[in-house]
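Per chain, numbering begins at 1; letters A, B, ... match sequence-line order.
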Amino acid sequence: MTPVLAPMAGAAISLSAVPDPVFSQAMVGPGAAVDPAREPGVAVAPISGRIVKLHPHAYVIVGPDGRGVLVHLGIDTVQLKGVGFDLLAAEGDLVPAGQPVVSWNPADVEAGGRSPICPVVALDAPASSVLRVAAGPVHAGDELFQWG
Amino acid sequence: MAERKITVESEVGLHARPAATFVQTATKASIDVTVAKLGGSGAPVNAKSILSVLSLDVRRGDTIVINAEGEGADELLDQLAAIASAT
């Protein structure tokens with residue numbers, strides 16, 4: 001079992017509620033999402049492991065067991081080309097779950113006409129392996145789901 | 001061994017929807033299929049793994065090489081090439 005943590009405070013919602021079919025239809029993988037608080041904040045590592053990919057708007061952390069979790073900061077935010085995102089870690093870093101990775105402001109993303117909702121995806125996982133998905137208010141670092 | 005060399009034209013590279021579609025298509029096949037990025041480490045990775053494909057970090061304009069062997073390899077590679085080269 002891998003506990004996967006909420007990368008930021010907000011409301012835990014179902015992946016199916018994400019306004020992008022790539023995520024809502026679980027094309028990338030199963031998981032959950034956080035509708036973040038509309039205030040400046042940091043996105044933290046959902047699991048302990050190595051940051052194998054770090055973009056301003058998305059990152060992937062792979063645990064020692066080889067399991068990878070993707071955090072995507074808002075929808076279509078690749079179009080922002082990094083503006084409004086500050087990296088607090090580097091690709092290749094080993095980080096404990098809960099360590100800040102990117103700072104950003106969901107309110108700015110929303111003001112720019114994009115959804116700030118953050119999918120958190122278990123990569124290469126069967127849908128049945130995502131368990132105990134949280135719903136409702138979460139703090140950064142609260143358990144979002146269990147990867148069984 | 002069948003092979004295709006493709007320049008990725010999607011604005012987002014092999015990320016997001018193109019990556020998900022690519023991996024979904026590869027996963028449906030019963031044969032092994034790999035993808036490598038030219039100019040990167042060069043090591044081929046499993047095209048059925050979204051983690052591996054996202055980690056390749058293929059950007060627009062990058063060239064990838066996809067390989068498959070066995071029954072239906074050419075058809076599969078044609079499908080994957082079409083996904084990877086779509087704008």
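B:Thr21 touches chain A through backbone and side chain together, each having a heavy atom under 4.5 Å away. Using a 4.5 Å cut-off between heavy atoms, A:Val121 does not touch chain B at all. Proximity to chain B is absent for every atom of A:His72, based on heavy atoms less than 4.5 angstrom apart. Both the backbone and the side chain of A:Val28 come within contact range of chain B, judged by heavy atoms closer than 4.5 Å.
Counting heavy-atom neighbours within 6.0 Å of B:Arg60 CZ, excluding the residue itself, gives a total above 12. Surrounding CD of B:Glu11 are at most 12 heavy atoms belonging to other residues, nucleotides or ligands under 6.0 Å away.
Distance check, rounded to the nearest 0.5 Å: CZ of B:Phe22 to CG of B:Leu80 gives 4.5 Å.
For A:Pro126 against A:Pro30, the heavy-atom pair with the smallest separation is O-CG, 3.7 Å.
Between A:Trp104 and A:Phe85, the ring-plane angle classifies as parallel under the 30° and 60° cut-offs.
The greatest number of non-hydrogen atom pairs below 4.5 Å with chain A, out of B:Arg17, B:His15, B:Lys48, is found for B:Arg17.
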